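Structure first, then comments.
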Amino acid sequence: MGRLDGKVFVLSAAAQGIGKAVALMAAKEGARVIATDVNGEVLKELEGTPGIETQVLDVLKKDDVEKFAKSVDKIDVLFNCAGFVHHGTLLDCDEKSWDFSFNLNVKSAYTMCSVFVPKFIAQGTGGSIINMSSVVSSIKGAPNRFVYAATKAAVIGMSKSLAVDFVDHKIRVNSVCPGTVDTPSLRGRMAAQADPEKALQDFIARQKMGRLANPEEIASLVVYLASDESGFVTGQEFVVDGGWSM
Ligand code: NAD
């Protein structure tokens with residue numbers, strides 16, 4: 001028996017990294033997974049996986065999100081995973097960068113919740129919403145993560161508000177706060193540095209366990225929060241950072 005048997009699990013940013021690991025683990029645990037991503041090419045890698053349906057979706061486009069929501073007849077779990085890491089301090093963050101980060105990291109989750117929360121309510125069966133934050137947020141500062149931390153702190157606040165407002169509808173809302181996870185975008189950020197090997201060592205050095213997380217270590221927390229095992233858990237931020245913030 002799977003831990004997510006019978007559940008419909010919708011997520012964004014499923015083509016790679018943490019989202020992909022979550023899609024695969026959720027399907028393995030028996031969920032019917034609707035895996036969405038803006039990148040249709042990479043998303044194709046999930047096609048044909050038992051339990052997974054793929055759908056190209058740009059979470060920045062409200063009309064597309066609304067259309068997508070209409071195509072989903074039942075939902076038990078919503079995982080808002082899409083996000084972007086802007087590198088730099090206040091001095092590197094122009095208004096365009098600020099807006100892009102807030103639009104992708106925060107507003108997209110708001111858009112998804114605003115179309116799916118009414119569905120959860122109408123179904124009357126409750127559900128679990130999991131929002132992707134980061135330990136770099138209201139929990140911890142890190143160099144050159146100015147707007148990123150601001151967005152991820154906003155995700156924690158938004159999740160707590162949703163949790164309070166919809167607890168009577170049995171909708172649980174939690175956020176997930178990873179440390180540094182070995183994903184394609186992290187590799188891309190390292191490759192963009194003058195010395196990628198040094199960049200890797202610097203990322204590892206800030207992790208107290210002396211290694212990066214793998215995406216599955218985050219996925220297992222998301223699956224727990226999606227499952228009925230976490231039925232008494234809501235409004236919390238879950239740190240999974242190898243001890244970075246301790
Ligand atoms: P990633 O950055 O490697 O991949 C992100 C995915 O998001 C890609 O498949 C991309 O196509 C998709 N995406 C980008 N814009 C989109 C849009 N407009 N609509 C739909 N999909 C879109 O993945 P990752 O590193 O696993 O990061 C996933 C989430 O986890 C992000 O929110 C990130 O901030 C968060 N996070 C990552 C780390 C880390 O170290 N990797 C740590 C903490 C939090």
Side-chain angles (χ1 to χ4, degrees), residues 10-25 34-46 54-65 67-68 78-87 99-112 130-142 144-156 158-159 175-192 199-200 202-204 206-207 209 211-219 221-222 237-242 244-245:
V10 174
L11 77 155
S12 66
Q16 65 181 36
I18 299 167
K20 184 179 187 181
V22 167
L24 290 169
M25 200 177 282
I34 306 177
T36 75
D37 199 287
V38 70
N39 189 335
E41 267 314 298
V42 187
L43 191 63
K44 275 189 186 146
E45 288 171 19
L46 286 175
T54 58
Q55 173 75 51
V56 174
L57 178 66
D58 182 346
V59 287
L60 291 173
K61 294 191 175 148
K62 189 171 179 238
D63 291 352
D64 292 2
V65 171
K67 210 165 127 195
F68 166 66
L78 173 64
F79 176 39
N80 293 308
C81 182
F84 169 75
V85 182
H86 175 270
H87 181 92
D99 287 345
F100 180 77
S101 288
F102 265 88
N103 284 339
L104 186 55
N105 298 5
V106 189
K107 193 175 178 187
S108 73
Y110 150 72
T111 309
M112 291 285 269
I130 302 141
N131 291 322
M132 180 53 89
S133 178
S134 167
V135 74
V136 179
S137 55
S138 48
I139 301 167
K140 181 177 172 54
N144 292 307
R145 291 292 178 267
F146 167 65
V147 67
Y148 181 72
T151 63
K152 295 302 189 181
V155 168
I156 292 173
M158 179 173 65
S159 302
S175 41
V176 173
C177 307
T180 315
V181 189
D182 197 352
T183 64
S185 68
L186 182 80
R187 291 279 162 182
R189 287 195 292 285
M190 289 189 260
L200 171 63
D202 288 348
F203 273 124
I204 290 173
R206 72 184 194 179
Q207 293 298 132
M209 287 188 183
R211 66 172 180 88
L212 305 180
N214 63 59
E216 289 71 27
E217 289 174 305
I218 316 305
L221 173 60
V222 175
E237 63 272 34
F238 284 85
V239 175
V240 48
D241 72 345
W244 188 15
S245 59

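One-based numbering, in listed order, for ligands and for the atoms of each. In this text the structure is predicted, and so the values were computed from the model without any measurement.
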Minimum heavy-atom distance between Gly179 and Trp244, given as atom pair plus value: CA-CE3, 4.0 Å

For atom 40 (O) of ligand 1, what's the nearest protein heavy-atom neighbour? Residue, atom name and distance, please. Val181 N, 2.7 Å

Ligand 1 atoms nearer than 4.0 angstrom to some heavy atom of Ala82 are 32 (O)

Using heavy atoms and a 4.0 Å limit, tell me yes or no: is Ser12 in contact with ligand 1? no

Any side-chain heavy-atom pair from Thr36 and Leu11 closer than 4.5 angstrom? no

For atom 7 (O) of ligand 1, grab the closest protein heavy atom and report residue, atom and distance to one decimal in Å. Ala13 CB, 3.2 Å

Mind checking whether Pro215 has a heavy atom under 4.0 Å from ligand 1? no

Could a heavy atom of Ser133 be found less than 4.0 Å from some atom of ligand 1? yes

Option with minimal heavy-atom separation from atom 20 (C) of ligand 1, where the choices are Val176, Asn131, Leu57: Leu57

Taking Ala35's backbone N and O only, do any of them form a donor-acceptor pair with Thr54's side chain (distance below 3.5 Å, no angle check)? no

Just going by heavy-atom distances, which of Val59, Leu186, Leu60, Asn39 is nearest to atom 19 (N) of ligand 1? Val59

Any idea which protein heavy atom is nearest atom 16 (C) of ligand 1, and the distance to it? Val38 CG1, 3.5 Å

Taking atom 34 (O) of ligand 1 as the point of reference, which of Tyr148, Phe100, Phe84 owns the nearest heavy atom? Tyr148

For ligand 1, which atoms have a heavy atom of Gly17 less than 4.0 angstrom away? 26 (O)

Looking only at distances, can you tell me whether any N or O atom of Gly19, backbone or side chain, sits closer than 3.5 Å to an N or O atom of ligand 1? no

4.5 Å side-chain heavy-atom contact, Ser134 and Cys177: no

Any idea which atoms of ligand 1 are less than 4.0 Å away from a heavy-atom of Ala15? 9 (O)

Can you give me the closest heavy-atom contact between Leu46 and Ala14, atom names plus distance? CD1-O, 3.4 Å

From the options Asp37, Val22, Val155, select the one whose nearest heavy atom is closest to atom 8 (C) of ligand 1. Asp37

Residue, atom name and distance, where the atom is the protein heavy atom closest to atom 18 (N) of ligand 1: Asp58 OD1, 2.8 Å

Checking contacts here: is it the side chain or the backbone of Cys81 that comes within 4.0 Å of ligand 1, counting heavy atoms only? Could be both or neither. both

When you compare the side chains of Asp241 and Ser245, does any donor N or O come within less than 3.5 Å of an acceptor on the partner? yes

Asn214 and Asp182: side-chain donor and acceptor closer than 3.5 Å? no

Which heavy-atom pair separates Lys20 from Ala15 by the least distance, and what is that distance? CD-O, 3.4 Å

Can you list the ligand 1 atoms lying under 4.0 Å from a non-hydrogen atom of Gly83? 31 (C), 32 (O)

Of Met132, Lys20, Gln16, the residue with the heavy atom nearest atom 35 (C) of ligand 1 is Met132

Is the number of heavy atoms from other residues, nucleotides or ligands within 6.0 Å of NZ (Lys140) greater than 12? yes

Do we see a donor-acceptor contact under 3.5 Å between the side chains of Ser175 and Glu237? no

Lys152 touching ligand 1 at heavy-atom level, < 4.0 angstrom: yes

Val65 and Met112, any side-chain heavy atoms less than 4.5 Å apart: yes

May I ask which of Thr183, Asn105, Ile218 has a heavy atom nearer to atom 25 (O) of ligand 1 than the others do? Thr183

Taking atom types as modelled, is there a side-chain donor on Ser159 or Asn131 under 3.5 Å from an acceptor on the other? yes

Ignoring hydrogens and angles, state whether a donor on the side chain of Arg145 or His87 is under 3.5 Å from an acceptor on the partner side chain. yes

Who gets closest to atom 27 (O) of ligand 1 by heavy atom: Ile18, Val56, Thr36? Ile18

Determine whether more than 12 heavy atoms belonging to other residues, nucleotides or ligands lie under 6.0 Å from atom CZ of Phe84. yes

What is the closest protein heavy atom to atom 42 (C) of ligand 1, and at what distance does it sit? Gly179 O, 3.0 Å

Looking at Thr180, which atoms of ligand 1 are within less than 4.0 Å of one of its heavy atoms? 40 (O)

Looking only at distances, can you tell me whether any N or O atom of Ser185, backbone or side chain, sits closer than 3.5 Å to an N or O atom of ligand 1? yes

